[in-house]
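Presented below is the structure to which this report refers.
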There are 2 protein chains.
Amino acid sequence: MTNIVLSKSEENYLKSIYNLSDSGSKLVTTNSISKILNIEPASVSDMIKKLSKKNLIYHQKYKGTQISKNGIKIALQIIRKHRLWEVFLFEKLNFKWDEIHEVAEELEHVSSNQLIDNLDKYLKYPKIDPHGDPIPNKLGEIDFVDKISIYDLNIGQKGIVSRIINEDEEFFNLLNKLKIEIGTEVKIIDKIEYDSSIEILINNRSVIISKVVAENIKITKV
Amino acid sequence: MTNIVLSKSEENYLKSIYNLSDSGSKLVTTNSISKILNIEPASVSDMIKKLSKKNLIYHQKYKGTQISKNGIKIALQIIRKHRLWEVFLFEKLNFKWDEIHEVAEELEHVSSNQLIDNLDKYLKYPKIDPHGDPIPNKLGEIDFVDKISIYDLNIGQKGIVSRIINEDEEFFNLLNKLKIEIGTEVKIIDKIEYDSSIEILINNRSVIISKVVAENIKITKV
DNA sequence: TAATTAATTTAGGTATGTCTAAAATATTTT
DNA sequence: AAAATATTTTAGACATACCTAAATTAATTA
Ligand SMILES: [Mn+2]
Ligand SMILES: [Mn+2]
Ligand SMILES: [Mn+2]
Ligand SMILES: [Mn+2]
């Protein structure tokens with residue numbers, strides 16, 4: 001139980017690498033990390049060396065980076081903290097959908113196990129965060145996640161919105177406008193060939209959403 | 001309303017300088033800052049230069065440091081955050097008296113005005129933290145604080161415990177053992193000349209506490 | 001396959017916040 | 001008022017986490 005202490009930077013890298021790797025399965029490129037963290041590739045190379053030395057990732061020069069078992073464990077704990085804080089901000093402090101992510105990005109680095117476990121209990125052990133993302137438990141166990149988006153449905157099919165991928169403010173504004181939230185039922189009315197946009201039915205209103213938007217809204221088939 | 005962004009270090013220095021200065025009235029020595037932050041005097045000198053340049057403190061070489069009006073304003077906001085988080089941890093997350101300070105020391109540096117204002121509202125605008133210290137409001141206004149300790153009472157006088165100065169774990173353990181908390185009534189039975197300790201009555205039990213302990217428990221005269 | 005382009009790493013540099021050792025100044029003791 | 005001691009500052013280093021520019025390697029295109 002030797003609890004390694006990582007810097008805020010190291011934690012952010014680890015979380016990003018985990019997210020980019022599809023839960024640890026894929027190799028991650030230096031450039032992709034650079035883009036997601038807004039840090040130059042040269043600096044990413046530096047940090048990759050550092051995390052490799054700590055055995056949190058494996059790295060082959062010029063080939064790519066893979067997160068280690070231990071790295072995954074730590075990444076999941078950071079994600080757990082991030083999502084629990086998001087629940088807290090949303091449910092208890094009345095933050096809006098698009099306001100929680102940025103603050104959680106800071107709170108996730110406060111390092112106290114007691115803090116996060118008591119918060120978990122206080123929130124009654126939530127299974128998902130306000131965007132529908134699953135919250136790992138204390139042991140790092142995490143629920144299955146819906147992989148089908150609105151874009152994958154056929155005409156006539158129905159789905160319940162279960163997860164919102166993108167956390168941009170712009171995207172949330174659009175969802176608010178469309179009155180789409182976790183639990184909303186959608187039905188595919190038409191698929192428009194011309195620009196791959198999709199006509200859907202929400203609460204008996206018909207709207208057209210672009211392909212990108214449709215792909216960013218995961219659903220459970222009904 | 002140009003909100004200056006300070007580093008965690010700068011914030012900690014500013015808070016310490018404010019605390020050491022008796023709310024801004026006294027000059028603060030480099031050594032005293034060094035001791036309280038556990039940082040070498042040479043490093044403190046460096047930071048003093050930095051904060052001076054930002055006009056948060058005034059400094060005369062070899063003479064001492066005074067916190068500026070602006071510095072006080074910022075220090076009070078950090079203290080506000082610290083104490084509100086302590087209330088949250090104590091009341092909502094069931095932390096013990098002696099566990100809250102360390103975690104609040106980290107949470108106080110999360111920089112979101114919305115976060116702290118919503119937290120304040122959620123906690124129903126508490127006036128004091130779990131140690132009895134007053135919480136500055138959004139404008140930095142702070143209530144009068146009791147300056148009389150148990151040690152200052154005469155034999156036969158009564159007081160209500162209003163504030164606990166020291167935040168050491170050891171000290172809290174002692175208070176728990178003595179069953180002293182905020183609101184407890186104490187009455188001075190005797191003053192023991194030999195070692196300046198004091199015999200007091202708590203809930204009809206008589207105990208003897210040392211001078212140091214008596215000085216660290218502030219009271220309101222009854 | 002050779003040339004070009006893209007991705008990645010290395011080399012060398014900067015700001016921040018700390019340190020130790022030495023110099024400068026202030027305070028206390030004799 | 002010297003001398004001794006204590007406090008504070010300066011000088012020079014170091015780790016962290018970034019950067020830009022150049023070198024290396026890989027991938028793509030001609
Ligand atoms: Mn988020
Ligand atoms: Mn983060
Ligand atoms: Mn405290
Ligand atoms: Mn602090």
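Below, chain A is the first sequence line, B the second, and so on; all start at residue 1.
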Quiz prompt | Distance-only donor-acceptor check, side chains B:Glu106 and A:Ser111, under 3.5 Å | solution = yes
Quiz item: Does NZ or CZ of A:Lys191 lie under 6.0 Å from the centre of the six-membered ring of A:Tyr151, at an angle within 45° of the ring axis?
Solution: yes
Exercise. Evaluate the ring planes of B:Tyr122 and B:Phe88, with Trp represented by its six-membered ring, and classify them as parallel (under 30°), tilted (30 to 60°) or perpendicular (over 60°).
Key: tilted
Practice problem: Answer yes if the ring centres of A:His101 and A:Phe172 are under 6.0 angstrom apart, and no otherwise. | Solution: no
Self-check item: Nearest-angstrom distance from the residue atom CD1 of B:Ile39 to P of D:dT9
Solution: 15 Å
Practice problem: Check whether the side chains of A:His109 and A:Asn12 place a donor and an acceptor atom closer than 3.5 Å, and report yes or no. | Solution: yes
Quiz item: Where do B:Ile48 and B:Ile57 come nearest, in terms of heavy atoms and distance?
Solution: O-CD1, 3.5 Å
Quiz item: In terms of side-chain heavy atoms, does A:Ser197 have a donor or acceptor partner in A:Asp195 at a distance below 3.5 Å?
Solution: yes
Self-check item: Whole-Å distance separating the CG atom of A:Asn12 from the P atom of D:dC18
Solution: 9 Å
Quiz prompt | Pair assignment for DNA chain D - dot-bracket with | for other-strand partners, Watson-Crick or G-U under 3.5 Å | solution = ||||||||||||||||||||||||||||||
Self-check item: Rounded distance (Å) that lies between atom P of C:dT16 and atom CG of B:Leu51
Solution: 12 Å
Quiz item: Starting at CE of B:Met47 and ending at P of D:dT9, how long is that distance when rounded to a whole Å?
Solution: 14 Å
Quiz prompt | Partner of A:Glu108 by salt bridge (Lys or Arg N to Asp or Glu O under 4.0 Å), out of A:Arg80, A:Lys81, A:Lys15 | solution = A:Lys15
Quiz item: Is the closest side-chain donor-acceptor distance between A:Asp152 and A:Ser149 under 3.5 Å?
Solution: yes
Which atoms of nucleotides 2-11 of chain C (N or O only) lie under 3.5 Å from a protein N or O atom, and what are those distances?
unit_1, atom_1, unit_2, atom_2, d
C:dT8, OP2, A:Asn31, N, 2.8
C:dT9, OP1, A:His59, NE2, 2.6
C:dT9, OP1, A:Tyr62, N, 3.3
C:dT9, OP2, A:Thr30, OG1, 3.0
C:dT9, OP2, A:Ser45, OG, 2.7
C:dT10, OP1, A:Lys61, NZ, 2.7
C:dT10, OP2, A:Lys49, NZ, 2.9

Quiz item: Short question: side chain of B:Glu10, backbone of B:Ser7 - any donor-acceptor pair under 3.5 Å?
Solution: yes
List every contact pair, protein side and nucleotides 1-4 of chain D side both N or O, where the distance is under 3.5 Å.
none

